Structure formats: structure tokens, C-alpha cells
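I have placed the structure first, in the form of C-alpha cells, so that the comments after it can refer back to it.
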Amino acid sequence: MPVKRRLLHVPAPTGDEAVTAICAVVRRIPKGWVATYGQVAAMAGLPRRARLVGRVLQRLDPSAAIPWHRVVNAKGEVSCSLSRNGSDALQRRLLESEGVEFDDKNRFDLERFRWLD
DNA sequence: GTTATGACTTCAC
DNA sequence: CGTGAAGCCATAA
């Protein structure tokens, strides 16, 4: 075997395929519920690619009808970052308008609001 | 080619 | 609880 070959090379979706899969999952999150980045990745057939989900959401076209605000991190909080330029604050506001209650530490009860398929 | 940087997650202290 | 490391992978420089 002259060529080194990846065992377990499952053709995981990449590029546009992955973006499409991720968006399809996020669109299914019901109003008033949330899903974590890792959860969305797994449901999109992209295990361990939580980071990719975050990247896709950040670059989403604003005109796309995708409830990006319903995707949160595994700690049960809105991921805050300077690079978000305020969209993190907007995310919290949108979630609160859908009934998600935050505590004084910018966190909510993940067990209570997590969307289970 | 390399290194650095994240809307991340998990596990070990 | 907090911190750090490792795993992860697309992008930018």
C-alpha cells in the first residue's frame, strides 16, 4: 500500500453542504427553545464541529430566515465576544422576548429550555 | 508551508 | 465555582 489512507474516512459534509445542513437544523428549533452549538453540529451530521456552527452563524446572511439566536453554548449562556459587535446583546433580548428567562449572570436553565428532537 | 484566532466542548485539577 | 489543556477546523495573515 504505497498510499497512506485514512481509516474511518467518512465523507463528512464540507463547505456549502455543511452550511446547508446546519441551517436546516437551526431552522427547526422551535420558538422559545434553544439548542447548543455541539447539539446542532451533531444533528447536522457533523459531530464535534461546534466551532463550525458558530462560524456559520456569524457569517449568516441577515436576510436569511434563520433563528440564529436560539443557538447557545453548552454552559447555558449566550456566548459573548467583542467580535460579535453587540449581536450577543441582541441575542439575549430576542430570547427573552420568546420567554427564556436569564439570571443575573447572563445564564438560563439549559435543562429547562433545551430543545430535544 | 506556518501561526494565530475564534458565536465551541469536554475533561482534569 | 474557576482555569487550563486538548481536540476541533475554517480563515486570515
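Small disclaimer: the values here were computed from a predicted structure and weren't measured. So you know, we letter chains A, B, ... as the sequences are listed, proteins then strands, and number each from 1.
In this structure, the CG atom of N73(A) is 12 Å from the P atom of dA7(B), given to the nearest Å. Atom-to-atom, OH of Y37(A) to P of dC9(C) comes out at 18 Å; the value is rounded to the nearest Å. Separating the NZ atom of K75(A) from the C1' atom of dT9(B) is a distance of 10 Å, rounded to the nearest angstrom. In this entry the distance linking CG of N106(A) with P of dA7(B) reads 15 Å, nearest Å. If you measure from atom CD of Q58(A) to atom C1' of dC8(B), you get 13 Å, rounded to the nearest angstrom. Between the CD1 atom of I22(A) and the P atom of dA10(C) there is a distance of 10 Å, rounded to whole Å. Atom pair D88(A):CG and dG6(B):P shows a separation of 14 Å (rounding to whole Å applied). With rounding to whole Å, L52(A) atom CG is found 15 Å from dT5(B) atom C1'.
Put simply, R49(A) has no side-chain N or O that comes within less than 4.0 Å of OP1 or OP2 on dC8(C). Distances shown here put a side-chain N or O of R107(A) below 4.0 Å from the OP1 or OP2 atom of dC1(C). Checking the phosphate oxygens (OP1, OP2) of dC8(B), a side-chain nitrogen or oxygen of S79(A) falls inside 4.0 Å. Within the 4.0 Å cut-off from OP1 or OP2 of dA7(B), at least one side-chain nitrogen or oxygen of S81(A) is found. For the OP1/OP2 pair of dC9(C) and a distance below 4.0 Å, the side-chain nitrogens and oxygens of R55(A) include no atom meeting the criterion.
Residue contacts for R70(A): at a heavy-atom cut-off of 4.0 Å it reaches no nucleic acid atom on any strand shown. As judged by a 4.0 angstrom heavy-atom cut-off over every strand, S83(A) is placed among residues touching the sugar-phosphate backbone only.
The 12-atom threshold is not exceeded at CZ of R48(A), counting heavy atoms of other residues, nucleotides or ligands nearer than 6.0 Å.
In summary, R114(A) and D109(A) do not engage in a salt bridge, as defined by a charged side-chain N under 4.0 Å from a carboxylate O.
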Check nucleotides 11-13 of chain B for protein N or O atoms closer than 3.5 Å to its own N or O atoms and list the pairs.
none

When you compare the protein's N or O atoms with those of nucleotides 3-7 of chain C, which come within less than 3.5 Å of each other, and at what distance?
{"residue": "dG7(C)", "atom": "O6", "partner": "R51(A)", "partner atom": "NH1", "Å": "3.4"}

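Both P47(A) and R59(A) lie close to DNA chain C; mapped to their nearest nucleotides by heavy-atom distance, the more 5′-ward contact belongs to P47(A).
Two residues are said to be in side-chain contact when any heavy atoms from C-beta on lie closer than 4.5 Å; L95(A) and V34(A) meet this criterion. Side-chain atoms of V72(A) and F108(A), non-hydrogen and from C-beta on, do get closer than 4.5 Å to each other. Side-chain contact between I29(A) and V71(A) is present, with at least one heavy-atom pair separated by less than 4.5 Å.
With hydrogens and angles left out, the side-chain atoms of S81(A) and R84(A) include no donor and acceptor closer than 3.5 Å.
Between the Q91(A) side chain and the D88(A) main chain, no donor and acceptor come within less than 3.5 Å of each other.
E98(A) pairs with exactly one of R92(A), K31(A), R70(A), R93(A) by the salt bridge (charged side-chain N to carboxylate O under 4.0 Å, His left out) rule, that one being R70(A).
Between R112(A) and W33(A), the closest heavy-atom pair is O-CZ3, 3.8 Å.
Note: S79(A) OG to Q58(A) CD = 11.0 Å, rounded to the nearest 0.5 Å.
dG7(C) and dA7(B) have their P atoms separated by 22 Å, with the value rounded to a whole Å.
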